[in-house]
Amino acid sequence: MVWWREAERIVDIFRSKPIGDIVIVRGWIYRLSRIGGVAFIGIRDGSGYIQVSLKRSVAPSLFEIVDKLSVEDVVAVRGVVVEDKRAPGGLEVRAQDIEVISKSSVWPITRSAVKSIGFLFDKRHLWIRSPRVRSILKIRSEVCRLIREYMDENGFVEFHSPIFVKSACEGGATLFPVEYFGNTVYLTQSAQLYQEAAIATFGRVYTLGPCFRAEKSRTRKHLTEFWQIECEIAFADLDEDMRILEELLVYVCRGVADRCREELDILGVDFKPPTPPLPRITYTEALEIARSRGSETVWGEDFSSRDESLVSSIFDKPFFVTHYPASTRSFYHMLDPHDPRLTLSFDLIAPEGYGELATGGQRISDYDTLVKRIDEQRLPRGSFSWYLELRMYGCPPHSGFGMGIERLVRWICKLPSVRMAIPFPRTPDRFEP
RNA sequence: GCCGCCGUAGCUCAGCCAGGUAGAGCAGCGGGCUGUUAACCCGUUGGUCGUCGGUUCGAAUCCGACCGGCGGCGCCA
């Protein structure tokens, strides 16, 4: 058996600080420097980073191995843990034995490469090793974990909807067709319709998973494959819907601020979780704000991204815009009983121009009203037969929302683009690696 | 779908406007240095100038088409 079969996780060494003990660490070399008779090897094992040092005078034969090392070689090191203020983190391992487990070719991502976003995404399979990308992806993982924690603790059941679907969730939306044994099906763009079926089973359900949009959007807030947290809540009205989203968002943000200090630090981000309540304004009020600041958008049109920025600049935390006109929303939105031009809907918009994070609202529960809306939007009634049938077998008021994971991570981490917030981004022009 | 910008060494870029046989920094390689943190010092390898075509005695440089990338708008999570 090889001597490095068992090893300490680097994070555990920093936690327990076994000064004077002999430990084995193994991982990838992320930094190398040799100064005459002293060598320093920075090792990364996924859990953390630690420095190994070695003096020629102490171990001349080991030093010959070290002379041939290069960055990203995978090595195992056995040595003594010592405290040393000169080492990063104040601890280092004085090597007594080193074995090269796997050699690396010359690492292509050099210091100057950080300026070249295209090159970095071409090398995304390697770039994800960097501390910054690692931090973002770790925060993404924590965001998803916190979402599940919140949903699980608040009576929601995780519900998996199909990826292959027969028809669109929303009119006009562009779908990816897939050949399916002689039929054409599409990649899902939302779990919502299936969740509306599931509330009769569980009352409250959520789905955290991928969605697909075949839109040739060239922006920093769009991906063709993205993840969202969607949920559906039986008996909830618009206010209840927003209350849950607000609680969820605050829970996730506090959790990230609490559990991801190190990662936020590496990113240089001073993230302050928003304190509730989040502001709520109506579409009509938001439009007035945008128009008073130079927007030409007229009532009934959806906001442009400029409008969104104009309005968001007056807030320092995410805010709700509610009661969008029916002309801007999809067919399933409940119309406002007080003003049928409006829907019981909302968007959650991030400040500082990061744009829309989430969207949601109350759904139409009544069969005839839903049929009427489908016809008005000139959608094929047949495509929604099972969805309509839900209205025939007990359909209480219900609401839900969807929040984009990449958009949330982007806002938290202050990233220039959602492409940074997913391991392997898919855009119209990029689907590899 | 529309608009704009950019393709020269593994990476970042200069050279292009005023056409004359390809340059720097980093990375790599060789050497030196006993505490490096983006080390430093000396030396050195490396390029069908995105592709195809045109103009020209001569094209990285001028013109056209195409390909690839980046950014903005629209659409939206």
Side-chain angles (χ1 to χ4, degrees), chain A residues 30-42 49 51-58 63 67-68 70-71 82 84-90 92 94 104-123 126-127 169-174 188-192 207-230 245 297 301-308 328-330 347-350 354-360 401-411 416-419 421-422 427-430 432:
Chain A
Y30 71 94
R31 187 164 66 202
L32 258 184
S33 70
R34 277 159 295 204
I35 291 135
V38 189
F40 302 95
I41 309 165
Y49 304 83
Q51 174 167 288
V52 169
S53 77
L54 179 66
K55 291 190 174 161
R56 172 175 274 144
S57 55
V58 174
F63 218 84
D67 267 331
K68 291 179 199 145
S70 37
V71 168
V82 298
D84 194 317
K85 277 177 291 201
R86 297 169 295 185
E92 69 177 18
R94 300 268 161 86
S104 169
S105 297
V106 175
W107 187 244
I109 302 179
T110 58
R111 196 143 190 90
S112 41
V114 302
K115 288 201 264 179
S116 178
I117 202 70
F119 176 76
L120 290 171
F121 278 113
D122 287 343
K123 300 290 180 189
L126 304 178
W127 186 28
C169 298
E170 311 187 15
T174 29
T188 185
Q189 56 178 207
S190 167
Q192 181 198 320
T207 306
L208 179 52
C211 294
F212 307 87
R213 301 271 163 97
E215 292 158 352
K216 288 199 171 179
S217 304
R218 299 197 46 83
T219 78
R220 46 180 72 193
K221 43 179 105 163
H222 289 87
L223 296 164
T224 52
E225 176 182 329
F226 64 98
W227 282 55
Q228 56 179 348
I229 165 66
E230 291 179 278
L245 174 55
T297 304
E301 290 177 345
D302 211 344
F303 294 121
S304 68
S305 55
R306 179 164 167 266
D307 295 334
E308 225 170 61
T328 69
R329 305 303 269 205
S330 357
D347 280 358
L348 179 71
I349 298 172
Y354 285 94
E356 192 179 315
L357 294 177
T359 186
F401 60 80
M403 179 159 62
I405 301 299
E406 292 77 21
R407 290 184 174 182
L408 178 57
V409 172
R410 180 192 172 209
W411 171 64
S417 163
V418 288
R419 285 177 301 160
I422 186 168
T427 65
D429 298 321
R430 188 177 285 283
E432 199 190 15

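Naming: A, B, ... by sequence-line order, numbering from 1 per chain.
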Show the distances under 3.5 angstrom between N or O atoms of the protein and N or O atoms of nucleotides 30-34 of chain B.
unit_1 : atom_1 : unit_2   : atom_2 : d
C33(B) : N3     : Gly36(A) : N      : 3.3
U34(B) : OP2    : Gly37(A) : N      : 3.3
U34(B) : O4'    : Ile35(A) : O      : 3.4
U34(B) : O4'    : Gly37(A) : N      : 3.3
U34(B) : O4     : Ser57(A) : OG     : 3.2

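- In this structure, the nucleotide among C76(B), G35(B), C75(B) sitting nearest to the side chain of Ala87(A) is G35(B).
- Nucleotide G20(B) is matched to C57(B) when pairs are restricted to Watson-Crick or G-U wobble geometry with both distances under 3.5 angstrom.
- Side-chain proximity of Ser53(A) to C76(B), G35(B), C2(B): nearest is G35(B).
- Out of G35(B), C73(B), G25(B), the shortest distance to the side chain of Arg218(A) is found at C73(B).
- Under the stacking definition used here (centres under 5.5 Å, planes under 30°), the residue Phe226(A) qualifies as stacked on the base of A77(B).
- Checked against G28(B), G74(B), G10(B), the side chain of Ser305(A) finds its nearest nucleotide in G74(B).
- Comparing the C1' positions of C76(B) and G4(B) gives a spacing of 23 Å, expressed to the nearest Å.
- The Thr110(A) side chain lies nearest to A27(B) when the options are A38(B), A27(B), C73(B).
- Base pairing of G4(B): its partner is C70(B), meeting the Watson-Crick or G-U wobble criterion (both donor-acceptor distances under 3.5 Å).
- Side-chain proximity of Ser33(A) to G35(B), U36(B), C73(B): nearest is U36(B).
- The separation of G30(B) from C67(B), taken at their C1' atoms, amounts to 40 Å, rounded to a whole angstrom.
- C13(B) and C75(B) have their C1' atoms separated by 37 Å, given to the nearest Å.
- For the residue pair Arg306(A) and Thr297(A), no side-chain donor N or O sits within less than 3.5 Å of a side-chain acceptor on the partner.
- Base pairing of U51(B) is made with A65(B), judged by Watson-Crick or G-U wobble geometry with both donor-acceptor distances under 3.5 Å.
- The base-pairing partner of G28(B), taking Watson-Crick or G-U wobble contacts with both distances under 3.5 Å, is U44(B).
- Which of A38(B), C70(B), G72(B) sits closest to the side chain of Arg111(A) comes down to A38(B).
- When the nucleotides C70(B), U36(B), G35(B) are ranked by their closest atom to the side chain of Arg430(A), C70(B) comes out on top.
- Which of C76(B), U12(B), G71(B) sits closest to the side chain of Arg220(A) comes down to G71(B).
- For the side chain to side chain contact (heavy atoms under 4.5 Å, CB included) with Ile229(A), the lone residue among Ile405(A), Thr207(A), Leu408(A) that qualifies is Ile405(A).
- Residues Phe121(A) and Val106(A) both approach RNA chain B. Their nearest nucleotides, taken by heavy-atom distance, put Val106(A) toward the 5′ side.
- The Glu308(A) side chain lies nearest to C76(B) when the options are C73(B), C76(B), A38(B).
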